[in-house]
**Student:** 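Pasting a structure below so you can have a look.
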Amino acid sequence: MRLYNTLTRQIDEVVPQNAPDITVYTCGPTVYDYLHVGNWFTYIREDILIRTLKASGLKPKWVMNITDVGHLVSDADDGEDKLEKGARREGKTAWDVAKFYTEYFEKGMERLNMLKPDFLPRATDHIQDQIELVQKLEAKGFTYKTSDGVYYDTSKFPKYADFARLDLDEQEAGKRVNFNPEKRNKADFALWKFSPKDHQRDMEWDSPWGKGFPGWHVECSAMSMKYLGETLDIHAGGIDHVPVHHTNEIAQSEAATGKQFATYWMHSNHITIEGKKISKSFGNGITLEDIEAKGYSLEVLRLHVLESHYRSQSKFSWESLAAAKNRLNVLHAWADLRHQTSVDVMPDELDLLFKELRGSVLSALQDDLNTPVALVSFNKIINYMSNIQIPGVEGKYTDGTLAFLDDLLGLQLSARPDITYQQKEIITEREQARTAQDWAKSDKLREQLEKQGIGLRDIPNGAIWFRL
RNA sequence: GGCGCCGUGGCGGAGUGGUUACGCAGAGCUCUGCAAAAGCUCGUACACCGGUUCGAACCCGGUCGGUGCCUCCA
């Protein structure tokens with residue numbers, strides 16, 4: 001398995017510390033609002049990562065966090081985080097907001113047929129772990145206190161800019177506003193924030209430094225190390241996390257432990273919609289519900305995600321979703337062939353092609369998760385099977401392959417049901433009518449099936465059905 | 001202002017020094033009683049200008065265009 005590693009800026013062979021075990025931490029959602037397609041692109045790609053690791057004989061231990069506190073709305077240090085703000089917007093408490101969108105997220109994962117992480121820890125369930133991490137940093141002299149919180153002093157961590165290759169001096173010269181004057185360095189970030197004096201937060205906890213809540217970055221370090229140890233094998237997330245969030249995670253984790261935080265860093269690029277990034281101000285935060293409302297299944301979305309490489313800035317549009325829908329239909333029709341019972345089979349040749357398909361899909365994925373190339377592998381066998389005007393493959397030749405592909409791509413090709421006995425009877429009856437050249441009856445039966453969503457394609461020795 | 005990325009046929013999208021993936025859409029043809037989401041064929045793409053090379057979409061330089069980050073962001 002090879003993976004592009006943001007740390008080394010090259011494609012590296014993945015070598016876990018304790019193979020076949022491999023630890024994976026992926027940054028999860030901040031649960032303050034509905035997730036948009038862009039979020040799901042990243043999560044689906046991470047799902048493919050886990051699936052590929054498994055198919056490669058590894059045993060991933062996967063943690064995805066739920067950020068339900070401490071993600072500040074801005075760096076203006078006004079003491080408000082997204083959860084608290086979401087609560088005000090919806091007239092609920094931050095706890096209610098977190099609960100609602102956490103459930104929304106988990107349901108979405110299921111609906112997209114994503115694998116379940118081994119742990120899905122909430123930041124609010126790990127306040128003590130975060131406090132302890134901050135204490136460790138404090139003891140080592142990496143922190144300082146201001147009027148609104150405890151901060152990490154990035155100047156104490158010389159490698160701070162290395163990961164993202166930041167030019168801190170140049171960045172400082174930028175047109176940045178709202179620089180907290182109490183911060184010693186521009187890049188310093190809050191580890192613990194004090195509750196505001198003028199109003200009570202929904203979420204706050206006591207700490208050695210005073211009542212407040214943890215800074216956003218500290219949760220990922222605390223929870224990943226708690227569940228997976230001080231050095232992770234793979235840490236993944238959105239590409240936007242490189243310069244700030246992951247940079248800070250490395251700074252605080254490595255300062256605390258003195259060990260390398262993660263061996264491999266995988267980052268999913270962002271998508272654009274009509275050439276623009278997804279942003280509240282553009283109003284293009286399309287949700288799963290929007291997609292379904294336009295008549296596309298979430299399986300179509302998954303296929304569409306697979307159609308581009310995770311490191312390229314992919315484009316999302318309704319047009320490409322429509323194309324993905326057609327492509328999925330072709331895959332479905334092919335998968336449905338395993339239920340067809342007719343004629344001449346060519347098992348040896350087919351077995352070989354299925355084997356080839358399994359091999360090329362897996363190796364494409366193992367080559368830095370090249371999903372578009374993996375999908376290309378299907379064409380040869382689909383074309384071949386259409387071409388020889390097949391055949392009763394009847395499960396036995398494809399079952400193993402379809403399940404294998406499903407494990408890798410999550411497309412559920414093996415789960416597609418057969419048509420009913422009655423529908424099969426109609427097909428048989430129509431065949432008899434055709435043999436008798438009773439076209440009127442034959443066409444009537446075909447229409448009957450069409451009304452049930454079943455189309456027919458005649459071949460020399462019978463008919464192949466497909467779902468319309 | 002600083003740091004990046006990207007420009008591939010109607011749309012999407014791999015690839016990356018020499019054999020011009022692939023999907024969707026479109027056109028023509030074939031098979032068919034009629035059909036078909038079946039088969040075959042077709043459009044001969046890689047922003048532009050230079051350079052390196054026997055050979056460049058692929059390497060180098062420049063130009064133009066787009067876009068991302070530096071503020072929260074998957």
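Letters go in sequence order (proteins before strands), and every chain restarts at 1. Owing to the predicted nature of the structure, the values given are computational and were not obtained by experimental measurement.
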**Student:** Would you say rG23(B) has OP1 or OP2 under 4.0 Å from some side-chain N or O of K380(A)?
**Tutor:** no
**Student:** How far, in whole Å, is rG15(B) from rA27(B) if one measures between their C1' atoms?
**Tutor:** 27 Å
**Student:** Partner of rG23(B) by Watson-Crick or G-U wobble geometry, both contacts under 3.5 Å, or none?
**Tutor:** rC11(B)
**Student:** Of the listed nucleotides (rA37(B), rC34(B), rC24(B)), which one gets closest to any side-chain atom of A323(A)?
**Tutor:** rC24(B)
**Student:** If we take the C1' atom in both rG13(B) and rC64(B), what is their distance in whole Å?
**Tutor:** 24 Å
**Student:** Strictly below 4.0 Å, N to O, side chains only: are D368(A) and R311(A) in salt-bridge contact?
**Tutor:** yes
**Student:** Look up atom CG in L402(A) and atom CD in Q412(A), then write down how far apart they are to the nearest 0.5 Å.
**Tutor:** 12.5 Å
**Student:** Ignoring hydrogens and geometry, is there a side-chain-to-backbone donor-acceptor pair from N113(A) to G410(A) under 3.5 Å?
**Tutor:** yes
**Student:** Of all the choices, rG68(B), rG23(B), rG13(B), which nucleotide is nearest to the side chain of R327(A) once you look at every atom?
**Tutor:** rG23(B)
**Student:** In Watson-Crick or G-U wobble terms, both distances under 3.5 Å, what is the partner of rA38(B)?
**Tutor:** rU30(B)
**Student:** Is the phosphate of rC72(B), meaning OP1 or OP2, less than 4.0 Å from a side-chain N or O of K82(A)?
**Tutor:** no
**Student:** Taking 4.0 angstrom as the limit, do R430(A) and D458(A) come out as a salt bridge?
**Tutor:** yes
**Student:** Strictly by Watson-Crick or wobble contacts shorter than 3.5 Å, is anything paired with rC3(B), and which nucleotide is it?
**Tutor:** rG68(B)
**Student:** Would you indicate what S268(A) reaches in the nucleic acid, counting non-hydrogen atoms under 4.0 angstrom: base, sugar-phosphate, or nothing?
**Tutor:** nothing
**Student:** Please report, rounded to the nearest Å, how far the P atom of rU8(B) is from the CD atom of Q313(A).
**Tutor:** 13 Å
**Student:** Name the nucleic acid region contacted by L456(A), choosing base, sugar-phosphate or nothing; use a 4.0 angstrom heavy-atom cut-off, strictly under.
**Tutor:** base
**Student:** By the 4.0 Å heavy-atom rule, please label H304(A) as base, sugar-phosphate, or nothing.
**Tutor:** nothing
**Student:** Please state whether the phosphate of rA38(B), meaning OP1 or OP2, lies under 4.0 angstrom from any side-chain nitrogen or oxygen of N383(A).
**Tutor:** no
**Student:** Look at atom CZ of R122(A) and say whether more than 12 heavy atoms of other residues, nucleotides or ligands are closer to it than 6.0 Å.
**Tutor:** no
**Student:** Please determine, for the side chain of L468(A), which listed nucleotide (rG33(B), rA37(B), rG23(B)) has the closest atom?
**Tutor:** rA37(B)
**Student:** Kindly say whether, by distance alone, the side chain of R45(A) makes a donor-acceptor pair under 3.5 Å with the base of rA74(B)?
**Tutor:** no
**Student:** I want to verify a distance call: between rA38(B), rC24(B), rG33(B), whose nearest atom is closest to the R457(A) side chain?
**Tutor:** rA38(B)
**Student:** Can you tell which of rC34(B), rG33(B), rC24(B) lies closest to the side chain of W439(A)?
**Tutor:** rG33(B)
**Student:** Using the C1' atom as the point on both nucleotides, what is the distance between rG18(B) and rC59(B), in whole Å?
**Tutor:** 14 Å
**Student:** Quick check, does H270(A) stack with rA74(B)? I mean ring centres under 5.5 Å and planes off by under 30°.
**Tutor:** yes
**Student:** What distance, rounded to whole Å, do you find between the two C1' atoms, one in rU44(B) and one in rA57(B)?
**Tutor:** 14 Å
**Student:** State whether R111(A) and E289(A) are salt-bridged, where the test is any N-O pair (Lys NZ or Arg NE/NH1/NH2 against Asp/Glu carboxylate O) under 4.0 Å.
**Tutor:** yes
**Student:** Could you measure between the two C1' atoms, the one in rC3(B) and the one in rC42(B), and give it in whole Å?
**Tutor:** 46 Å
**Student:** Is there a Watson-Crick or G-U wobble partner for rG61(B) with both distances under 3.5 Å, and which nucleotide is it?
**Tutor:** rC49(B)
**Student:** Taking 4.0 angstrom as the limit, do D81(A) and K85(A) come out as a salt bridge?
**Tutor:** no
**Student:** Starting at the 5' end of RNA chain B and moving along, which residue's nearest nucleotide shows up first, F316(A) or K277(A)?
**Tutor:** F316(A)
**Student:** May I ask you to say what R467(A) touches in the nucleic acid, namely base, sugar-phosphate or nothing, with a heavy-atom cut-off under 4.0 Å?
**Tutor:** base
**Student:** Could you please name the option among rC70(B), rU67(B), rA74(B) that lies closest to any side-chain atom of K276(A)?
**Tutor:** rU67(B)
**Student:** Students often get this wrong, so: under 4.0 angstrom with heavy atoms, is D443(A) touching a base, only sugar-phosphate, or nothing?
**Tutor:** base
**Student:** Can you find a donor-acceptor pair, distance only, under 3.5 Å between R311(A) side chain and rC6(B) base?
**Tutor:** no
**Student:** Using the P atom in both, what is the distance from rA14(B) to rC6(B), to the nearest Å?
**Tutor:** 12 Å
**Student:** By the 4.0 Å heavy-atom rule, please label W40(A) as base, sugar-phosphate, or nothing.
**Tutor:** nothing
**Student:** Less than 4.0 angstrom from a charged side-chain N to a carboxylate O is my criterion; do D12(A) and R2(A) meet it?
**Tutor:** no
**Student:** Say you pick atom C1' in rC5(B) and the same atom in rG9(B); how far apart are they, in whole Å?
**Tutor:** 23 Å
**Student:** From the list rC69(B), rC34(B), rC22(B), which nucleotide is the closest neighbour of the side chain of V376(A)?
**Tutor:** rC22(B)
**Student:** Between rG2(B) and rG62(B), how far apart are the two P atoms, rounded to whole Å?
**Tutor:** 15 Å
**Student:** Using a 4.0 Å heavy-atom cut-off, does G455(A) contact any base of the nucleic acid, only the sugar-phosphate backbone, or nothing at all?
**Tutor:** nothing
**Student:** Can you spot which of Y264(A), F261(A), F163(A) makes a ring pair (Phe, Tyr, Trp, His ring centres under 6.0 Å) with H235(A)?
**Tutor:** F261(A)
**Student:** Between T272(A) and S442(A), who's closer to the 5' end of RNA chain B by nearest nucleotide?
**Tutor:** S442(A)
**Student:** Pick base, sugar-phosphate or nothing for L375(A), based on heavy-atom distances below 4.0 Å to the nucleic acid.
**Tutor:** nothing
**Student:** Just to be sure I understand the rule, does F466(A) reach a base, reach only the sugar-phosphate, or reach nothing, if contact means heavy atoms closer than 4.0 Å?
**Tutor:** base
**Student:** Give a yes/no answer on whether the side chain of N326(A) brings an N or O atom under 4.0 Å of OP1 or OP2 in rA25(B).
**Tutor:** yes
**Student:** Looking at the side chain of D458(A), which of rC72(B), rG13(B), rG33(B) is the nearest nucleotide?
**Tutor:** rG33(B)
**Student:** From the options rG12(B), rC34(B), rA14(B), select the nucleotide whose nearest atom is closest to the side chain of S312(A).
**Tutor:** rA14(B)
**Student:** Can you identify which nucleotide, out of rG33(B), rC72(B), rA74(B), has its nearest atom closest to the H36(A) side chain?
**Tutor:** rA74(B)
